[in-house]
**Student:** 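One structure is given below, represented as structure tokens, and several questions about it will come after.
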Protein chains: 2
Amino acid sequence: MKKKISEAVIKRLPRYYRCLTELEQEGADRISSHALSVRMGVTASQIRQDLNCFGGFGQQGYGYKVHDLRAALRGLIGLDRTYSMIILGAGNIGQALANYSGFDKEGFYVKAMFDVNVSLTHRTSRNIPLYHIDLLEKYLESNKVDIAVISVTQSEAQNVANRLVASGIKYIWNFTPSELSIPEDIIIENVHLSDSLFTLSYRCRENGV
Amino acid sequence: MKKKISEAVIKRLPRYYRCLTELEQEGADRISSHALSVRMGVTASQIRQDLNCFGGFGQQGYGYKVHDLRAALRGLIGLDRTYSMIILGAGNIGQALANYSGFDKEGFYVKAMFDVNVSLTHRTSRNIPLYHIDLLEKYLESNKVDIAVISVTQSEAQNVANRLVASGIKYIWNFTPSELSIPEDIIIENVHLSDSLFTLSYRCRENGV
DNA sequence: TAGATTGTTAATCGATTAACAATC
DNA sequence: TAGATTGTTAATCGATTAACAATC
């Protein structure tokens, strides 16, 4: 009976993974929690606590094997498989995400895009088909989709979310400013860009700039 | 001598602001911390604690005036003025941010974009000029820029950041996966999209999907 | 073996929640 | 006035940090 992993720890895992990837590229064989803590600007204690939520990946007196720890993190984060995604809304953000090749490398594949306006087709590069949003339910009947990305306009967002949930989508990556209401068992990850930008303006005001 | 506002509180301000904006649009005059807590899924205690970091905006026995509280939050977040921004890197994300009109509405204006490849010009809509990145320093000499957005490729990111800092930029919105090293007095806000996506894959694995 | 570093328990710190007197 | 709800202090909870025995 393992205890629940806190949200704070989960949010840090990708960063550890990122750092370990860099270290491996640099050819490092081993790293101690202390050395990692200096590099990342966190405490060694926290790193050891975090990792030990999932198991003892290190060796006393030696530290952590970079390759092995990275591989373990990869598994923990769920990157040892592929994911199929669809993008709802082929506007600025939707197009940018579709054209970005970085997610492919980690196994996240954009299989299709949907929009109310299909005449945008010529902009969809990388052979990702763009369908009219009316075809969404039909598409989901015959295609397994792990993650749905919502990048429609704010006013359409809740409606699109409802349709996705009704069709059985369990994981949503939301780029609209809306606070979407969804059932408890659906996992949603919000990217509220304006919230992020506003923390910068807060700092400007704070510093009297 | 006011005590320091915690990071957690600051991160919640934009969300309060968003909610109050909705309430005002719905024509609400007043709201109690309890009603707001139900709507936002947080505790009334937390809302009152958070707001009271900045002042007593409510009235006992009555609650908060929606319009006044929203206006106060607007000021606190620093939205009662405008900001000039430049975007470094006219790739997918850079273009999407430049074309997105939502930030304008809150007073964040994209004044220029820079890239190593200027032949992308035809895609810059909304009359935002695209300059070669070699012209960055010259541009900054004669134009006041509040916030610089970094959306170049990962390998260029640190170099671009160094140049921005050298030219006096104090506020950076970073969209690259890099952990940029910058001086202490520079404020950086990171949007690590892959970290966000990875929390979804973590949940998939956790739930055995 | 001696030195280093983990895994883990205990101590500290900070953030959230509860409670309630003040007051509209 | 009575009821409602704030502002604020106190209590609780959880997360971070420190410490150290275990052990490579």
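Every chain is numbered from 1, with letters handed out A, B, ... down the list of sequences.
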**Student:** Would you mind checking if B:Glu24 and B:Arg30 are paired as a salt bridge, meaning a charged N to carboxylate O distance below 4.0 Å?
**Tutor:**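 Answer for the salt bridge query: no.
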**Student:** A:Trp173 and A:Phe175: aromatic ring centres closer than 6.0 Å?
**Tutor:**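 Yes, ring centres under 6.0 Å apart.
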**Student:** Under a 4.5 Å cut-off applied to non-hydrogen side-chain atoms, are A:Asp195 and B:Arg18 in contact?
**Tutor:**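 The answer is yes; the side chains approach within 4.5 Å.
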**Student:** How would you give the extent of chain A contacts on DNA chain D, as first and last nucleotide 5' to 3' within a 4.0 Å heavy-atom cut-off?
**Tutor:**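 Answer, 5' to 3': D:dA15 to D:dC24.
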**Student:** If the threshold is 4.0 Å, N to carboxylate O, is there a salt bridge linking A:Arg15 and B:Glu179?
**Tutor:**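 Answer for the salt bridge query: yes.
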**Student:** Side-chain contact, heavy-atom cut-off 4.5 Å: B:Arg203 with B:Thr199?
**Tutor:**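 Contact flag for B:Arg203/B:Thr199 side chains = no.
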**Student:** Can you find a heavy atom in the side chain of A:Tyr17 that is under 4.5 Å from one in the side chain of A:Arg74?
**Tutor:**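 Yes, their side chains come closer than 4.5 Å.
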**Student:** Got B:Ile128 and B:Ile87 here, is their nearest side-chain heavy-atom distance under 4.5 Å?
**Tutor:**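 Side chain of B:Ile128 against side chain of B:Ile87, heavy atoms only: no contact under 4.5 Å found.
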**Student:** What pair of heavy atoms forms the shortest contact from B:Met113 to B:Gly89, and how long is it?
**Tutor:**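 In terms of heavy atoms, the two residues are closest at CE-O, 4.4 Å.
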**Student:** Passes side-chain contact (heavy atoms from CB on, under 4.5 Å), A:Val145 versus A:Ile169? Steps please.
**Tutor:** CA-CA 7 Å; A:Val145 172; A:Ile169 289 287; 3.7 Å; yes
**Student:** What residues, two or more places apart in sequence or in another chain, satisfy salt bridge (charged side-chain N to carboxylate O under 4.0 Å, His left out) together with A:Lys144?
**Tutor:**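 So A:Lys144 forms a salt bridge (charged side-chain N to carboxylate O under 4.0 Å, His left out) with A:Asp146.
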**Student:** Taking the six-membered ring for Trp, are A:Phe114 and A:Tyr139 closer than 6.0 Å centroid to centroid?
**Tutor:**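 Centroid separation for A:Phe114 and A:Tyr139: below 6.0 Å.
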**Student:** Which ones in residues 51-76 of chain A lie close to DNA chain D, meaning a heavy atom under 4.0 Å from one of its atoms?
**Tutor:**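 Result for residues 51-76 of chain A: A:Gln59, A:Gln60, A:Gly61, sorted by number.
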**Student:** Is it true that B:Lys170 and A:Glu206 make a salt bridge, defined as a side-chain N closer than 4.0 Å to a carboxylate O?
**Tutor:**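 Looking at A:Glu206 together with B:Lys170, the answer is no, because their closest N to O distance does not fall below 4.0 Å.
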**Student:** Check the angle between the aromatic planes of A:Phe108 and B:Phe198 and answer parallel, tilted or perpendicular using the 30° and 60° thresholds.
**Tutor:**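 Because their plane-to-plane angle is under 30°, the rings of A:Phe108 and B:Phe198 count as parallel.
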**Student:** Yes or no on side chain to side chain donor-acceptor pair (under 3.5 Å) for B:Asn162 and B:Gln158, after CA distance, side-chain angles and deciding distance?
**Tutor:** CA-CA 6 Å; B:Asn162 294 346; B:Gln158 184 62 59; 2.8 Å; yes
**Student:** In what stems does DNA chain D take part, counting only runs of at least 3 consecutive Watson-Crick or G-U pairs whose two distances fall under 3.5 Å?
**Tutor:**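 DNA chain D stems, ordered by first number: C:3-24 with D:3-24.
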**Student:** Please list, in numerical order, the residues of residues 27-47 of chain A that have a heavy atom closer than 4.0 Å to any atom of DNA chain D.
**Tutor:**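 The answer is A:Thr43, A:Ser45, A:Gln46.
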**Student:** Name every residue in residues 12-26 of chain A that has at least one heavy atom under 4.0 Å from any atom of DNA chain D, in order of residue number, or write none if there are no such residues.
**Tutor:**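 Output list: A:Arg12.
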**Student:** Answer yes or no: is there a side-chain heavy-atom contact under 4.5 Å between B:Tyr202 and A:Leu79?
**Tutor:**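 B:Tyr202 does not reach A:Leu79 side chain to side chain.
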